[in-house]
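Input: a single structure, listed below in structure tokens.
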2 protein chains.
Amino acid sequence: MAIKVTVQLVVFAIRDSALQVLLAKRQGKTLKNGMGIPGTLLHQGESFEDAAKRTLKSSVGADEIHLEQLHCSVNARRNGGGGRGFSVAYFALLPADKARAMSSTSWRGLRNLSTLGSTQQRIVDHAVRRLRKRVEHNTAGFRLLARKFTLPELQQMYEAILDRDLDKRNFRKKMSSLGVLRALPEWRRTGRKPARLYTVAASRLEKLEHKEIAL
Amino acid sequence: MAIKVTVQLVVFAIRDSALQVLLAKRQGKTLKNGMGIPGTLLHQGESFEDAAKRTLKSSVGADEIHLEQLHCSVNARRNGGGGRGFSVAYFALLPADKARAMSSTSWRGLRNLSTLGSTQQRIVDHAVRRLRKRVEHNTAGFRLLARKFTLPELQQMYEAILDRDLDKRNFRKKMSSLGVLRALPEWRRTGRKPARLYTVAASRLEKLEHKEIAL
DNA sequence: ACAAAAGTGTTCGATATACACCCATGT
DNA sequence: ACATGGGTGTATATCGAACACTTTTGT
């Protein structure tokens, strides 16, 4: 009659200019494939969000990041046992400069997830849809940025998430109009010509957080 | 160590040209005030959505209506007992012609909910925010309509939900452009001049269901 | 010198908004 | 006759979409 409550996370980050998902070695005993989206059992007296944060801390060592509940479900007989199993899925956005690969975790592009079971695949799909909505209509994209970034990086990020090309000039116009970009007196040279570095004006971002924006 | 899993519903309907919420006599034994949002304990082998539908059937006798999961939480010590309590909230849209008052239930306007506890009040607030978003950016409003309706009724409904006035001509233009309105060769006379009756073209509505619309 | 990527404005079409009068009916 | 509410079109502003060249740097 043991009731298992599982909290599972879809953690997104931009790595190598691509949208990637965090996988972790599954600690469950008799589980088939080694890697899956990170998760944990709910501890006594802990909220779902606490458990999600704890999992984030242990799998990527990060806190204070965007976290959002996705869905919650009951699975009639989970893990073979007698009782019911509850499962709550969250999605999280990890800034690029915190997205390091630790031992026992790895990052995967969206097209490299074939090893996931169908349940986890559905959760990831759901999270991707949610992410795209948040990025298109809100300012969630900025939660994935490193502290300093260039406009070409910003645009590549949007293109990677939305999976379509964006017009450079229109994109920059829109971003400027939001007023969240703060130009730094610094440049980064990756390709040929150095690109200007920016930061987000956190105060400005918070004001936009719950408003609808176009893209 | 009993674990209670509660499924709670915020059921919306338009009554008397106002947005109202369904309340039901609470069946819990030692609960203070008599009325709260309808809910149930999860049965064995039942999914959350099944439980929500069952509650809908018993409290308003309706099925096949828009139902959406809102949030899910754990309450450390619920009902005084030892175990944890889980609670899943759903929100539901009931067409106006199915929104009858049964015994042991009642409908309340949003400003008449002062008898609710703070937990339920928060759930309702959350549901109202979600409803407004769905009505502004999707076609959820049409799920609240009776089978036949007039354009003034439709507009009053939007105004009641969004809590602001809309321009009559612009509103009608937008609605026509969606192509979901089917004019009937019938008129209804409530005030002075009779107003034309319409139905929704269900096939058209389904196509718009998951798209973004402006308002 | 040339290739590669950064940066920068304008035009045009579509969509949202503002706005005022006539018509049918009941009293 | 008049008061009430239903019905209709146009002009303007705003926003999104399309589009090409110059500049800086490394090779």
Side-chain angles (χ1 to χ4, degrees), chain A residues 16-18 132-133 135-139 141 145-146 148-160 162-199 208 211-215, chain B residues 16-18 132-133 135-139 141 145-146 148-160 162-199 208 211-215:
Chain A
D16 307 326
S17 307
R132 293 206 169 120
K133 202 178 279 188
V135 166
E136 273 201 280
H137 301 291
N138 300 99
T139 54
L145 288 172
K148 299 179 177 183
F149 56 92
T150 67
L151 292 188
E153 281 168 7
L154 181 61
Q155 181 172 351
Q156 278 163 30
M157 180 187 86
Y158 270 78
E159 290 176 335
L162 300 178
D163 197 26
R164 68 168 195 261
D165 288 348
L166 300 173
D167 180 89
K168 202 201 313 189
R169 284 168 287 186
N170 293 337
F171 179 77
R172 289 158 105 105
K173 206 188 310 168
K174 171 63 68 179
M175 289 297 141
S176 310
S177 77
L178 292 179
V180 297
L181 297 181
R182 180 155 301 172
L184 297 172
E186 302 173 50
W187 284 260
R188 174 185 297 160
R189 45 184 183 286
T190 52
R192 302 297 184 138
K193 186 174 173 179
R196 179 139 206 169
L197 284 170
Y198 291 80
T199 355
L208 291 175
K211 300 203 174 159
E212 294 279 324
I213 65 176
L215 162 108
Chain B
D16 307 327
S17 308
R132 292 206 169 119
K133 202 178 280 188
V135 166
E136 274 201 279
H137 301 291
N138 299 100
T139 54
L145 289 171
K148 298 178 178 183
F149 56 92
T150 67
L151 292 188
E153 281 169 5
L154 181 61
Q155 183 172 349
Q156 279 163 29
M157 180 186 87
Y158 270 79
E159 290 176 335
L162 300 179
D163 198 25
R164 68 171 197 259
D165 288 349
L166 300 173
D167 180 89
K168 202 199 317 188
R169 284 167 289 187
N170 293 337
F171 179 77
R172 290 159 103 105
K173 205 190 306 170
K174 171 62 67 180
M175 289 296 141
S176 310
S177 78
L178 292 179
V180 296
L181 297 180
R182 181 154 301 171
L184 297 173
E186 300 174 50
W187 285 260
R188 174 186 297 162
R189 45 182 183 287
T190 52
R192 301 297 184 139
K193 184 173 172 179
R196 180 139 205 168
L197 284 171
Y198 291 81
T199 355
L208 292 175
K211 300 203 175 160
E212 294 279 325
I213 66 176
L215 160 104

Exercise for the section: Round to the nearest Å and state the distance from B:Glu153 atom CD to D:dG6 atom C1'. Expected result: 13 Å
Exercise for the section: Quickly work out the A:Arg188 CZ to D:dT25 P distance and round it to whole Å. Expected result: 17 Å
Exercise for the section: Return yes if some donor-acceptor pair links the side-chain N/O of B:Asn138 with the main-chain N/O of B:Ile213 below 3.5 Å, else return no. Expected result: no
Exercise for the section: Confirm from the modelled atom types if B:Arg169 and C:dA20 form a donor-acceptor pair under 3.5 Å, side chain to base only. Expected result: yes
Handout entry: Whole-Å gap separating P (D:dT25) and CZ (A:Arg196)
Key = 14 Å
Problem - Spacing of A:Arg189 atom CZ relative to D:dT25 atom C1', expressed in whole Å - result: 11 Å
Completion exercise
The nucleotide from D:dT27, D:dG16, C:dG9 with an atom nearest the side chain of A:Asn170 is C:dG9
Fill in the blank from the handout: Taking for A:Pro152 and for B:Lys193 the nucleotide of DNA chain C with the nearest heavy atom, the one nearer the 5' end belongs to A:Pro152
Exercise for the section: Please determine if A:Arg132 and B:Glu212 form a salt bridge, counting it only when a charged side-chain N lies under 4.0 Å from a carboxylate O. Expected result: no
Practice task
Can you tell me the distance, in whole Å, between the CG atom of A:Leu197 and the P atom of C:dG7?
Solution key: 10 Å
Problem - Side-chain heavy atoms of B:Leu215 within contact of B:Leu162, under 4.5 Å - result: yes
Handout entry: Pair of N/O donor and acceptor under 3.5 Å linking C:dT15 base with B:Lys173 side chain
Key = no
Handout entry: Rounded interatomic separation in angstrom, taking CZ from A:Arg164 and P from D:dA18
Key = 10 Å
Exercise for the section: Show your working on side chain to side chain contact (heavy atoms under 4.5 Å, CB included) between B:Phe149 and B:Leu181 and close with a plain yes or no. Expected result: CA-CA 10 Å; B:Phe149 56 92; B:Leu181 297 180; 3.7 Å; yes
Completion exercise
Here the distance between atom P of D:dT14 and atom CD1 of A:Ile213, to the nearest Å, is 20 Å
Exercise for the section: Check the distance between C:dG7's C1' and A:Leu181's CG and give it to me in whole angstrom. Expected result: 15 Å
Practice task
Tell whether B:Lys168 reaches the base of D:dG7 with its side chain through a donor-acceptor pair below 3.5 angstrom.
Solution key: yes
Exercise for the section: Mark yes or no for a side-chain to base donor-acceptor pair under 3.5 Å between A:Arg192 and D:dG26, with no hydrogen or angle criteria applied. Expected result: yes
Exercise for the section: Measure from the side chain of B:Arg172, starting at C-beta and using heavy atoms only, and say which of D:dG6, C:dA6, D:dG16 lies closest. Expected result: D:dG6
Handout entry: Residue pair A:Tyr158 / A:Met175, side-chain heavy-atom distance below 4.5 Å
Key = yes
